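A short write-up of the structure that comes next.
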Amino acid sequence: MTDIVASNPHGPCIVAPEARGPCIIATSLTRRFDPHLSIGDRIAAAFGAPVETRAVRAVTDVSFTIHRNETLGLVGESGCGKSTLGRLVAGILGPTSGDIRLEGQPVMRRGRKTTTRIQTVFQDPFASLNPRRRIDATISEGPIAHGLITRAQAPAFVADWLARVGLDPAVATRFPHQFSGGQRQRVAIARALAMKPDILVCDEPVASLDVSIQAQVLNLFLDLRAALGLTCLFISHDLSVVRHVSDRVAIMYLGRIVEIGPAAQVYTTPRHPYTQGLLDSVPKLRLDADAVSFHPIAGELPSPLSPPPGCAFHPRCPRATELCRRERPKLAPHGASEVACHHA
Amino acid sequence: MKAFWREYAENRVALLALIVVLIIVGAALTAPIFAPQDPYDLASLDLMDARRPPGFVGSNGYVHVLGTDAQGRDLLSAILYGLRISLQMGLAAGTVSLAVGALLGILAAQAGGWVETAIMRVVDLQLSFPAILLALVLVAVLGQGKTQLVIALVAAQYAYFARTAYGAASAERRKDYVEAAAATPLSTLHIVFRHILPNVLPPLIVVATVQVANAISLEATLSFLGLGLPPTEPSLGMLIANGFQYMMSGRTWISVYPGIALIVLVVAINLVGDQLRDQTNPRLRR
Amino acid sequence: MTAPLLEVTDLRTHFFTRAGIARAVDGVSFSLAPGEILGLVGESGSGKSVTGFSLIGLVDPPGRIAGGSIRFDGQELVGLSEARMRAIRGKRIAMVFQDPQATLNPVLTIGTQMALALQAHRQAHGRVTDRAAAERAGAMLTRVGIPEAATRLNNYPHEFSGGMRQRVAIAMALLNGPELIVADEPTTALDVSIQAQILAEMKSIARDSGTALIWISHDLATVSSLADRVLVMYAGRIVESGPVGAVLRAPLHPYTRGLLDSLPAMAQPGQRLAQIPGSAPSLLALPAGCPFAPRCAHADAACTTPPPRIDRPGRQALCHHPLDAAA
């Protein structure tokens, strides 16, 4: 692969998000996925065949606010519903109940997204770019379709955006397969930002990239976020990446937010036993000669088809009591954070 | 694209098949120039020359390289003109089937719900009984003629395209790039035509190659049964049928040469289609 | 110092593709003591997985071992017949893959598969009765942290979660008491809480049974919490090797330094990360001299010639400008 990433000036990067009022408000968001049953499946189920008829509740009763110019990090393990929540915020999926508003306006109306102010960067840059379209078409189609630019303005517009994401504008007519993973993710970022969004939803944007490329893309993200004053929802399973880019962090477990608060507080003094276990599970760089001990969370993630009653974490929780088995804890303030735990 | 052809050329059989197809298509296209005789010009036929073996020198001085048929037509010319008809029918039926099938398949995948169920059940139903049966019934009802024949062939074949298009479109629409387009948001029509269709087309083109061959043999079958085109414009199937009654009397060339032409054409197209399928199937790629 | 269990010398595994020869592994040498845990770190295309596959003789065409030697317990593995290799693979050297589906047969129960694996190498154990096989398989499942092992033996692979399936694959690898396990990104696809459980178990298994372990990973942190020694690979070569703590505290090679500094955990939240510019070179068109030179801040004219081997006590690096000399 030829080196087509232009050198990135190491300018200072200002991340001083002043929370100027709420931007995104999500209220009691729930998203259920019903199994797709054919007539045959239904008949078989009626006769007791092992057909799964239960609905998956990917996201249950989630409320949160993202303030202007703030980045909210969303952390959780696979199956916790963080990607579904991201798709709800991005307007790709509609909620089963509850609603999500951008400055008071619903993001979706009658199953269709109503705004272009929220854009998305996806995890896999090999899948999120149409393999049969040249990248100039990929970047300019949204802005042309929404009248942000005319067809005649497109070449200069695309060249400008490629330069801003650190790619040589001469590569505009190439196809995605001619780029490396990191370069494709730059294209995907350009496509999202070309719509001039105020809010960027990033769903695991660096998860598929090598460490050295991940650093390049994160730096690009930090630069552009500061330059454009973006508000972000940053979803990742990687706790250190989320810590690095987020002002506030939400921890999800089995479809619910169990802890949400300022990043520094959540990481240094986690209140929820799950957050604590998660942070303890992350392998640390061993710079001293000390033996490393792990404090893994016991057990496995329960099936989202049949979440445990009471607190969903109680079967794995060292502090669980009878109360936890019986009653679901609600998010309650603890300092600057909110924690859903009876024993926080 | 260059790499694609280089890979294609590595399969000697497929390369040979492609050359054969190109030669046949070329011969069919240039038949009016190179064919020794215009078999449609009834005035140039002489019944005295009928059923002559290959190499016979006709009354008008022609050397009938492949002999003549029951009407005294030069068989080589008749085969070349017959190939024209067969290819015309095959290509027309293939193209229209592709368009109809792709439309229905993508519509079913995109719309979901009862539209999906309705379209795909009809398609499944049709795939479950022989295409020839439906074609026979339609030709019998609609009557003879090129348009009627194409309609019958399309009705018999669109289901293969619809199945393939539906499968491919269902897979494509779950991919992130389609979700990314929906998240922009772009209109459904834009997503279907600019994103899904271009990615569904390659497998359809592979199906189309094979289906053109199928349409040609289907048309030959119908013509052989006397339900195809009018006898004034004989296709390969009708040439075979015409010669069939003379098989027992030793005048085998009237049926055999058109038969060989048909087999070579259909097999060659199928081999090209197989290679295209193998090359576009990512699971078989090294 | 005991004799090394594994001694790899100048291993070269090349892929002879239509586009040219890709030198995926190009002159790799290292040794491994019995019971040692070795971390093999690198980014995609660095040759770390191909090195692992070379050790167990599973390099697929168009790739093949083009030169060098792999001595396992004194026996040369390069050029060994497939039959003799098969006797070693699974018995004395076992492999754990990133995707456990690769080793588990979907249509057989775990118990059946484990019994088959035991019987395949039965000469060493004498006859294996069904009961003995089930007992040993159950004990192994318990060993890797699978509860109710005896009943789980009757389950099929799809009845296990991803983390449990990887445990089953590890149990299968341990079954014949191998002296060496080669693990290729075994926890990459798993969640952190499950990864932590497996890392803890692998560590104690290696300690208890004296099994040597080669842990191939892109994640420096995972390797640092598990391994005794680390090898850092770049473009088919080992650019740095040494004890984990020493290498991470004071890397000799600028690439190792760059890799460490790229980690968000090493930076202040919200600040730019120290990034390595550019991307890894194509294995088909490696630059002359040091392959890292085009991305290296320390590179100069000398770096267009092959880098010398720098020897420090217990450590090595391939670099013209090792970082301890720069000061």
Side-chain angles (χ1 to χ4, degrees), chain A residues 36 38-40 83 86-94 107-109 111-135 137-146 148 175-177 184 187-189 191-192 194-195 197 200-201 203-204 208, chain B residues 1-4 7 102 106 108-125 165-166 168-206 280-282 285:
Chain A
H36 194 84
S38 69
I39 297 165
S83 264
R87 280 164 163 68
L88 290 171
V89 174
I92 297 168
L93 286 174
V107 169
M108 288 190 93
R109 202 176 276 136
R112 289 205 61 84
K113 189 175 175 182
T114 58
T115 177
T116 60
R117 291 175 59 198
I118 306 176
Q119 292 297 322
T120 318
V121 177
F122 294 85
Q123 168 175 359
D124 182 358
F126 289 82
S128 73
L129 300 177
N130 186 336
R132 292 182 191 277
R133 301 205 86 189
R134 295 177 194 277
I135 60 161
T138 292
I139 292 173
S140 64
E141 70 173 337
I144 291 173
H146 288 278
L148 298 181
F175 286 98
H177 69 84
R184 287 175 187 221
V187 173
I189 290 172
R191 168 180 61 188
M195 289 298 292
L200 192 63
V201 176
D203 186 3
E204 300 265 15
S208 61
Chain B
M1 204 63 201
K2 224 177 205 168
F4 186 88
E7 192 183 335
I106 294 175
Q110 187 66 31
W114 65 267
V115 177
E116 177 183 5
T117 310
I119 294 177
M120 293 322 292
R121 285 300 85 63
V122 170
V123 165
D124 285 344
L125 188 71
Y166 171 76
S170 302
E172 292 301 322
R173 49 188 300 270
R174 283 191 207 102
K175 290 195 179 158
D176 280 357
Y177 73 86
V178 175
E179 207 163 74
T184 301
L186 296 170
S187 71
T188 309
L189 274 184
H190 184 106
I191 293 172
V192 166
F193 282 103
R194 300 288 177 78
H195 289 278
I196 295 179
L197 188 62
N199 284 287
V200 167
L201 225 41
L204 283 180
I205 287 172
V206 173
T280 51
N281 185 345
R285 291 194 73 85

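Each chain gets a letter, A, B and so on, in the order the sequences are listed, and its residues count up from 1. Quick caveat, the model's predicted, so the values are computed rather than measured. All values below come from the heavy atoms of this structure, side chains included, with hydrogens, waters and symmetry mates left out.
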Testing the basics here: between [X] and [Y], what is the closest heavy-atom pair and its distance to 0.1 Å?
X: A/Ser128; Y: B/Ala180; value: O-CB, 4.1 Å
X: A/Arg87; Y: B/Asp176; value: NH2-OD1, 4.0 Å
X: A/Gly142; Y: B/Leu186; value: CA-CD2, 3.9 Å

Next item on the list: May I ask you to decide if A/Ile92's main-chain N or O and B/Glu179's side chain share a donor-acceptor pair within less than 3.5 Å?
Entry: no
Check: Ignoring hydrogens and geometry, is there a side-chain-to-backbone donor-acceptor pair from A/His146 to B/Pro185 under 3.5 Å?
Finding: yes
Note to self: Is it the case that over 12 heavy atoms from other parts of the model lie below 6.0 angstrom from the CZ atom of B/Arg174?
What the structure shows: no
Note to self: Taking CZ in A/Phe175 as the centre, count heavy atoms belonging to other residues, nucleotides or ligands within less than 6.0 Å. Is the count above 12?
What the structure shows: yes
Notebook entry, point to check: What part of A/Thr115 is in contact with chain B, defined as an atom under 4.5 angstrom from a non-hydrogen atom: side chain, backbone, both or neither?
Noted result: backbone
Next item on the list: Go through A/Ala137, A/Ala188, A/Gly91, A/Pro131 and name the one with the most non-hydrogen pairs under 4.5 angstrom from chain B.
Entry: A/Pro131
Item checked: Beyond-backbone contact of A/Arg133 with B/Pro198, side-chain heavy atoms, under 4.5 angstrom -> no
Checklist line | Student check: side-chain heavy atoms of A/Thr138 and B/His195 closer than 4.5 Å | finding: no
Notebook entry, point to check: So which part of B/Ser187 gets closer than 4.5 Å to some heavy atom of chain A, the side chain, the backbone, both or neither?
Noted result: backbone
Note to self: side chain to side chain contact (heavy atoms under 4.5 Å, CB included) for A/Glu141 and B/His190? Distances and angles first, verdict last.
What the structure shows: CA-CA 10 Å; A/Glu141 70 173 337; B/His190 184 106; 2.7 Å; yes
Next item on the list: Can you measure from CZ (A/Arg191) to OH (B/Tyr177) and round to the nearest 0.5 angstrom?
Entry: 11.5 Å
Check: Given the rule in the side chain to side chain contact (heavy atoms under 4.5 Å, CB included) test, do A/Thr116 and B/Thr184 qualify, once you have shown the distances and angles that lead to the verdict?
Finding: CA-CA 6 Å; A/Thr116 60; B/Thr184 301; 5.8 Å; no
